[in-house]
Amino acid sequence: MVDKKTILVVDDDQAINLLLVNSLSIKFNAVSAFSGSEAIAYCSEQKPNAILLDVNLGDIDGRDVCTTLKNEYGSSTPPIIFISGDNAEENVISCFEKGADDFIAKPFSAEQVVRKVDSLLKYNVLINNLKSQSDELTELVTTTMSQASSYGAVLQMVKQLNHCDSEQEIADAVFQFLSS
């Protein structure tokens, strides 16, 4: 059996939090946090696969929670989807500037939320695979270039050996090659 991905739902409105958790629980392991500080504390102990984060929380602004998590985890921060009843352009832009991966405006449909979370998780897996492949290719290129450099040096030594007229010149060329 495949383990379900964990989604942290952070909303201080208990009804919306419960709706999101129930909707997501069909496909994911959904857990609740009702404040920004509770979300940060949860993430310091366990790392969810994604976070649904309300902008207007009772204690800490959701954008500040996002900044804190981005500073803590860097590039390994779980994807963060902001949820807000304020879908004004300035609010949406400020969420993306703070590191949002997506934005859902209230009111929303439960199906929309589940699909967005699922798509974002699949996208995140693809991005991580590409990063891994890029790292592997970089290592391969570095190794190949190092081997090519060594091969070139050996060819240069063979060229020098072909121009040697005595055993002493051969010995000097070999020792010079080995010392370099």
Side-chain angles (χ1 to χ4, degrees), residues 1-11 20-21 23-33 36 38-55 57 60-84 87 89-105 108 110-158 177-178 180:
M1 182 171 172
V2 178
D3 289 332
K4 288 184 173 183
K5 303 274 187 195
T6 299
I7 312 302
L8 176 61
V9 175
V10 187
D11 198 313
L20 288 167
V21 167
S23 300
L24 292 165
S25 292
I26 296 168
K27 191 165 189 167
F28 306 103
N29 175 32
V31 293
S32 290
E38 191 179 340
I40 293 169
Y42 178 88
C43 290
S44 70
E45 294 177 15
Q46 300 183 35
K47 187 175 173 190
N49 298 98
I51 301 170
L52 287 175
L53 181 60
D54 187 21
V55 174
L57 297 169
I60 305 172
D61 187 275
R63 291 170 287 235
D64 294 333
V65 173
C66 182
T67 300
T68 299
L69 294 175
K70 294 283 183 179
N71 289 338
E72 174 90 16
Y73 292 109
S75 63
S76 66
T77 304
I80 297 175
I81 301 173
F82 276 100
I83 297 179
S84 179
N87 63 353
E89 185 175 354
E90 301 83 31
N91 185 44
V92 175
I93 289 171
S94 72
C95 289
F96 281 105
E97 286 174 342
K98 294 294 183 172
D101 294 285
D102 207 342
F103 185 94
I104 298 173
F108 52 81
E111 183 179 342
Q112 173 193 21
V113 173
V114 172
R115 285 182 186 223
K116 280 202 175 213
V117 169
D118 193 39
S119 295
L120 191 58
L121 289 173
K122 287 176 183 175
Y123 171 77
N124 208 37
V125 167
L126 293 174
I127 291 297
N128 288 335
N129 288 343
L130 285 174
K131 285 179 185 176
S132 176
Q133 289 174 357
S134 175
D135 292 344
E136 289 173 12
L137 287 174
T138 300
E139 185 178 329
L140 178 63
V141 166
T142 302
T143 301
T144 302
M145 290 179 71
S146 173
Q147 290 173 345
S149 174
S150 297
Y151 181 67
V154 169
L155 287 177
Q156 189 68 21
M157 183 193 70
V158 170
F177 171 76
L178 293 175
S180 66

Contacts of type side-chain contact (heavy atoms from CB on, under 4.5 Å), residue A33, not counting sequence neighbours = L8, V10, E38, A39
With E111 via salt bridge (charged side-chain N to carboxylate O under 4.0 Å, His left out) - residues at least two apart = R115
With a cut-off of 6.0 Å (strictly less than), are more than 12 heavy atoms of other residues, nucleotides or ligands near OH of Y123?
-> no
Taking only distance into account, with no hydrogens and no angle test, what donor-acceptor pairs under 3.5 Å do side-chain atoms of residues 62-71 form with protein atoms, sequence neighbours excluded?
{"from": "R63", "atom 1": "NE", "to": "D61", "atom 2": "OD1", "distance (Å)": "2.9"}
{"from": "R63", "atom 1": "NH1", "to": "N91", "atom 2": "OD1", "distance (Å)": "2.6"}
{"from": "R63", "atom 1": "NH1", "to": "S94", "atom 2": "OG", "distance (Å)": "3.0"}
{"from": "R63", "atom 1": "NH2", "to": "D61", "atom 2": "OD2", "distance (Å)": "2.9"}
{"from": "T67", "atom 1": "OG1", "to": "R63", "atom 2": "O", "distance (Å)": "3.0"}
{"from": "T68", "atom 1": "OG1", "to": "D64", "atom 2": "O", "distance (Å)": "2.9"}
{"from": "K70", "atom 1": "NZ", "to": "G99", "atom 2": "O", "distance (Å)": "3.1"}
{"from": "N71", "atom 1": "ND2", "to": "T67", "atom 2": "O", "distance (Å)": "3.3"}

Would you check if P79 and L120 make a side-chain contact, meaning some heavy-atom pair closer than 4.5 Å?
-> yes
Do T6 and Q46 touch side chain to side chain, with heavy atoms closer than 4.5 Å?
-> no
Under a 4.5 Å cut-off applied to non-hydrogen side-chain atoms, are V21 and S25 in contact?
-> yes
Flag, side chain of N29 to backbone of K4, donor-acceptor distance under 3.5 Å = no
Is it the case that more than 12 heavy atoms not belonging to K5 sit under 6.0 Å from its NZ atom?
-> no
Where at least one partner belongs to residues 129-140, residue pairs that pass side chain to side chain donor-acceptor pair (under 3.5 Å), sequence neighbours excluded | none
Residues passing the side-chain contact (heavy atoms from CB on, under 4.5 Å) test with A105, sequence neighbours excluded, are N87, F103
side-chain contact (heavy atoms from CB on, under 4.5 Å) partners for K47, two or more places apart = Y73, S76, P78
Out of curiosity, I40 CD1 to E72 CD, how far, rounded to the nearest 0.5 Å?
-> 9.0 Å
For S44 against A41, the heavy-atom pair lying closest together = OG-O, 2.7 Å
Answer yes or no: is there a side-chain heavy-atom contact under 4.5 Å between F177 and V154?
-> yes
Distance (rounded to the nearest 0.5 Å) between I81 CD1 and L20 CG = 10.0 Å
Taking C-beta and beyond as the side chain, do L24 and V117 meet within less than 4.5 Å on heavy atoms?
-> yes
Can you check whether I7 reaches P48 side chain to side chain, under 4.5 Å on heavy atoms?
-> no
To the nearest 0.5 angstrom, please state how far the OG atom of S32 sits from the CG atom of L52.
-> 10.5 Å
Side-chain touch L121/F28, heavy atoms, less than 4.5 angstrom | yes
Do I83 and F108 have side-chain heavy atoms sitting under 4.5 Å apart?
-> yes
